[in-house]
Amino acid sequence: MDEVRKSILVIEDEPEIRRFLRAALGAEGYKVVEAGTGRRGSIDAAVHKPDLAIVDLGLPDFDGVEVVRRIREWSPMPVIVLSARTQERAKIDALDAGADDYVTKPFGVGELLARVRVALRNAVRTAGGRVLRMGDASVDLESRQAWRDGQPLRLTPIEYKLLACLARRLSLVVTHRELLVEVWGPTHAKDTHYLRIYMKQLRDKLEADPVQPRYLVTETGVGYRLLTDETA
Amino acid sequence: MNRWRQLAGYGVGAGLTLLCTLAGMAMAPRFDIVNIAMVYLLAVVVMALRFARGAAIFAAALSVAAFDYLFVPPAGAFTIHDAQYLLTLAIMLAVALVISELTARSRRENAARTALAVQAETERIRSTLLASISHDLRTPLAVMAGASSSLAERAEQLSAEERRSLAQSVYAQARDMADQVDKVLQMTRLEMGAITPARDWAAISEIVGSVLARLRERLSGHILVVDIAPDAPLVRVDAGLIEQVLTNLLENAARHTPRGTLVHVRVVMQGGELIVSVEDFGPGLEGRGVQRVFDKFHGRADESRPAGMGLGLAICRAIVLLHGGRIWAEHMSGGGAAFRFALSLEQVPSAPAET
């Protein structure tokens with residue numbers, strides 16, 4: 001905690017929401033920079049180079065998705081979007097445009113802070129070369145080996161690919177589109193049924209209760225999220 | 001569209017006049033000329049009843065012209081010798097005008113009556129909606145105002161524990177209120193037809209799993225049993241909307257049955273459909289009609305009931321219908337209620353095989 005305070009840019013037009021975000025993030029030790037419009041926020045992102053940006057999808061001047069796109073043009077900084085329940089489409093667009101995660105309004109501060117921590121941690125972690133521990137099961141993505149209850153477990157190449165794609169953004173949501181493009185290629189970007197079938201297979205192999213999964217979590221209408229014992 | 005209907009009126013007018021003329025020609029040798037006029041008059045009446053005034057007058061004028069030219073002596077000319085035929089012609093025009101005016105008026109009145117009835121129904125729904133909103137929102141608002149003002153104005157006099165519990169109740173009530181507002185908005189959007197389901201292949205087990213994860217806390221007092229046919233095929237639905245249906249059904253079960261009782265979620269395949277059921281072992285539907293429970297604000301009669309029953313099931317019905325499915329309630333044989341919905345199954349495209 002002694003290291004330099006991480007800074008967070010909050011792009012949100014409602015002053016009351018900015019107020020409690022400022023209080024909650026500040027209390028957690030983050031330095032908070034605020035912007036009330038998308039235009040201002042895009043500039044602030046470039047000027048202040050924050051460690052993370054929180055972007056509201058309902059900005060008055062331009063679309064939050066556009067803000068995400070502009071930030072992604074030059075920076076890999078983690079971006080979390082705030083969406084209302086009626087903005088399902090915009091939420092998915094923002095994630096596909098490069099946002100790392102989302103929180104649906106109204107949200108509790110605990111939920112937001114957890115997402116912020118995960119996104120910041122993920123930004124510094126390097127991908128690959130780690131073992132995913134999921135209860136009785138574990139998967140080594142590097143050597144492509146898996147075990148359950150100490151016994152070797154056979155995963156197919158596609159199952160490994162799917163897990164690797166989810167693990168690269170551990171604890172963060174990965175959209176259907178991202179997974180499909182990554183695992184099966186751009187021509188299959190809309191073949192959601194592939195995903196449903198393979199996720200079921202993976203859960204049957206890795207989860208204690210495949211219907212109520214602890215590690216391969218469904219984000220309905222959006223995508224999936226991989227948790228492990230370290231992150232769950 | 002209206003333009004076409006108008007043009008069609010003139011076409012029919014011309015056609016009817018032609019028909020009358022042919023009938024008149026057939027009649028001419030044996031019938032009095034006045035009876036032929038009657039045939040034309042009939043056509044004019046029909047036109048005035050069925051079409052707008054313009055087309056009726058057009059038909060009347062055409063009939064008069066045809067009648068005069070072909071039947072009134074001297075035939076083959078427009079001259080009128082006999083004053084009584086002039087009267088016939090005047091009457092025909094007058095009939096066309098009077099009847100089309102009467103028809104138009106009664107059409108206007110009907111439209112006004114329908115509009116009034118619709119307005120009255122809208123009024124009724126709006127007032128029930130207001131009553132329900134004010135009840136469901138006022139209570140949490142009162143709690144939030146009271147608790148937060150205590151925190152804002154009396155924080156020093158409160159123990160840390162009291163402060164925390166007040167703040168928590170503000171948070172809980174706010175969440176609850178957000179749920180209620182969402183339901184009202186959702187119902188309005190469904191009724192306006194503003195929701196198009198984004199259908200895609202979904203696994204019912206995932207939908208069930210994600211609902212259970214979200215409701216874990218609210219269902220913690222009940223014993224939950226989940227039975228999903230292991231070979232249940234994928235369904236092409238808007239997963240978010242179907243998730244909402246199941247959420248509302250499970251929330252209802254949790255709300256209306258005693259703690260410690262069983263709630264059973266079952267998914268079976270039957271006759272080309274996937275049937276999802278939420279069965280409970282509570283007091284059941286009592287005397288309430290099993291279909292009427294899906295009506296908006298049904299269960300609103302008694303203000304002391306737990307809140308929220310008003311819209312949840314109506315939203316379920318609207319969403320399931322939007323998917324072309326069916327939803328219904330049943331009495332369970334051992335007491336308790338079952339809510340079921342059926343989604344039709346489609347051929348799932350194959351996925352690439354892998355070794």
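Chain letters run A, B, ... following the sequence lines, proteins first, then strands; residues in each count from 1.
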What part of [X] gets closer than 4.5 Å to chain A, counting heavy atoms only: side chain, backbone, both or neither?
X        : answer
B:Pro230 : backbone
B:Arg175 : side chain
B:Ala213 : neither

Between [atom1] on residue [X] and [atom2] on residue [Y], distance to nearest 0.5 Å:
X        : Y        : atom1 : atom2 : answer
A:Thr192 : B:Arg236 : OG1   : CZ    : 10.0 Å
A:Leu216 : B:Glu206 : CG    : CD    : 9.5 Å
A:Thr220 : B:Ile242 : OG1   : CD1   : 11.5 Å

Count the heavy atoms of every other residue, nucleotide or ligand shown that sit under 6.0 Å from [atom1] of [X], and state whether that count exceeds 12.
X        : atom1 : answer
B:Arg317 : CZ    : yes
A:Lys31  : NZ    : no
B:Gln157 : CD    : yes

Task: Main-chain N/O of B:Trp201 paired with A:Arg196 side-chain donor or acceptor, under 3.5 Å - done: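 Yes.
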
Task: Toward chain B, the part of A:Arg89 with a non-hydrogen atom under 4.5 Å - done: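 For A:Arg89, there is no contact with chain B at all, as no heavy atom is under 4.5 Å.
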
TODO: Heavy-atom pairs under 4.5 Å with chain B are the metric here; pick the option from A:Val211, A:Ile197, A:Asp191 that has the most.
DONE: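 It is A:Val211.
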
Task: Most chain B-contacting option - heavy-atom pairs closer than 4.5 Å, from A:Glu219, A:Met199, A:Lys200, A:Gln212 - done: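 So the answer, after comparing A:Glu219, A:Met199, A:Lys200, A:Gln212, is A:Gln212.
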
TODO: Against chain A, work out which of B:Leu212, B:Leu185, B:Asp182 has the most heavy-atom pairs shorter than 4.5 Å and name it.
DONE: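 Most heavy-atom pairs under 4.5 Å with chain A: B:Asp182.
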
